[in-house]
Amino acid sequence: MVQHRVGYAPGVYDLFHVGHLNILRHARSQCDYLVAGVVSDEMAELAKGHRPVIPLPERLEIVRSVRHVDAAFVETVPDKVETWQQVRFDVIFKGDDWRGTEKGERLEHDFAEVGVEVVYFPYTVHTSSTQLRRALDVLVSRPGALSAP
């Protein structure tokens, strides 16, 4: 029996941009089957302190439509090992902004116990959902901004 390497790329994927595409493209190049974990609105709010701009059903459809993604999964729990118990992946992909942090080291420790490899990809510095959100906030805060003529 041929063993397939299943990869898992979790993210909020809000305001989908080239950084998201890069992570999914790089992840798919390192596995045979890629599952993208799309974080629920509630989990995103817990982790980041605000709800995503784009609602979950739309984010899920966008990510599911990316050619590098074989399946999309709604992530509803904060514990990645609990998610692993449902999805059963061999490798998890994270941005390198996690490397060397407390949460990254905890992730590596927890996954070492179940034989899952943690692979970090370069974080796309010039584009992020946080930067896009800030730009939108500035636009919306201007008097008369984004209102219909």
Side-chain angles (χ1 to χ4, degrees), residues 1-137 139-140 146:
M1 185 170 128
V2 176
Q3 183 73 356
H4 292 287
R5 182 169 153 107
V6 176
Y8 186 70
V12 177
Y13 298 109
D14 193 22
L15 302 171
F16 197 88
H17 55 76
V18 73
H20 296 133
L21 184 61
N22 287 341
I23 285 175
L24 295 171
R25 179 186 305 117
H26 293 317
R28 185 61 174 83
S29 74
Q30 294 196 23
C31 62
D32 300 303
Y33 189 86
L34 180 63
V35 178
V38 181
V39 176
S40 72
D41 292 345
E42 296 78 16
M43 290 304 306
E45 187 171 17
L46 280 175
K48 298 187 178 266
H50 55 79
R51 293 178 78 76
V53 173
I54 308 299
L56 176 62
E58 294 178 26
R59 291 184 289 117
L60 189 60
E61 184 62 26
I62 290 165
V63 171
R64 185 179 281 141
S65 297
V66 173
R67 70 179 175 151
H68 308 291
V69 174
D70 295 296
F73 174 84
V74 177
E75 193 173 293
T76 58
V77 295
D79 183 356
K80 298 287 189 245
V81 174
E82 193 173 331
T83 298
W84 170 80
Q85 291 169 342
Q86 296 172 13
V87 179
R88 293 296 175 161
F89 45 86
D90 304 298
V91 56
I92 185 170
F93 303 102
K94 294 298 292 176
D96 65 2
D97 55 322
W98 276 55
R99 188 192 312 265
T101 67
E102 184 180 326
K103 62 186 178 181
E105 290 174 6
R106 186 171 50 250
L107 188 76
E108 292 172 30
H109 174 268
D110 292 349
F111 278 125
E113 292 183 358
V114 295
V116 172
E117 180 184 2
V118 177
V119 172
Y120 296 104
F121 290 132
Y123 184 75
T124 306
V125 177
H126 64 278
T127 304
S128 75
S129 296
T130 301
Q131 290 172 330
L132 292 173
R133 180 183 281 274
R134 285 185 191 134
L136 283 174
D137 288 344
L139 287 173
V140 171
L146 302 179

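For clarity, every value in this text was computed on a predicted model and none was experimentally measured.
Residue V12 comes nearest to P52 through the heavy atom pair CG1-CG, 3.9 Å, listed as atom of the first residue, atom of the second, then distance. Residues D14 and V53 share a closest heavy-atom pair of OD2-N, 2.7 Å. Nearest heavy atom pair, residue V69 against residue A36, reads CG1-CB, 4.0 Å.
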Could you go through the side-chain contact (heavy atoms from CB on, under 4.5 Å) check for K94 and K103 one step at a time? CA-CA 11 Å; K94 294 298 292 176; K103 62 186 178 181; over 6 Å; no

The test is side-chain contact (heavy atoms from CB on, under 4.5 Å); show your working for R88 and V6 and say whether it passes. CA-CA 8 Å; R88 293 296 175 161; V6 176; over 6 Å; no

Please evaluate residues D70 and R28 with respect to the criterion salt bridge (charged side-chain N to carboxylate O under 4.0 Å, His left out), reporting the C-alpha separation (whole Å), side-chain torsions for both, the decisive distance (0.1 Å), and the verdict. CA-CA 9 Å; D70 295 296; R28 185 61 174 83; 3.0 Å; yes

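Side chains of V35 and F89 form no contact here, defined as non-hydrogen atoms less than 4.5 Å apart. Using a 4.5 Å heavy-atom cutoff, the side chains of W84 and V114 are in contact. Under the 4.5 Å side-chain criterion, counting only non-hydrogen atoms from C-beta, I92 is in contact with P10. With contacts defined as side-chain heavy-atom distances shorter than 4.5 Å, the pair E61/R64 qualifies. Using a 4.5 Å cut-off on side-chain heavy atoms (C-beta onward), R5 and E117 make contact. Put simply, the side chain of D110 does not reach to within 4.5 Å of the side chain of K80, judged on heavy atoms. Residues R59 and D41 meet the side-chain proximity criterion, which asks for heavy atoms closer than 4.5 Å. Q30 is not listed as a side-chain neighbour of V91, based on a closest heavy-atom distance of 4.5 Å or more.
Atom CD of residue E75 and atom CG of residue L60 lie 12.0 Å apart, to the nearest 0.5 angstrom. With rounding to the nearest 0.5 angstrom, the NE2 atom of H68 is 7.5 Å from the CG atom of L24. Separating the NE2 atom in H17 from the CD1 atom in I23 is a distance of 8.0 Å, to the nearest 0.5 Å. The OH atom of Y13 sits 12.5 Å away from the CD1 atom of I62 when rounded to the nearest 0.5 Å. Rounding to the nearest 0.5 Å places CZ of F16 at 5.0 Å from CG of L21.
Exactly one residue among F121, Y120, Y8, F111 makes a ring pair (Phe, Tyr, Trp, His ring centres under 6.0 Å) with F93. That residue is F121.
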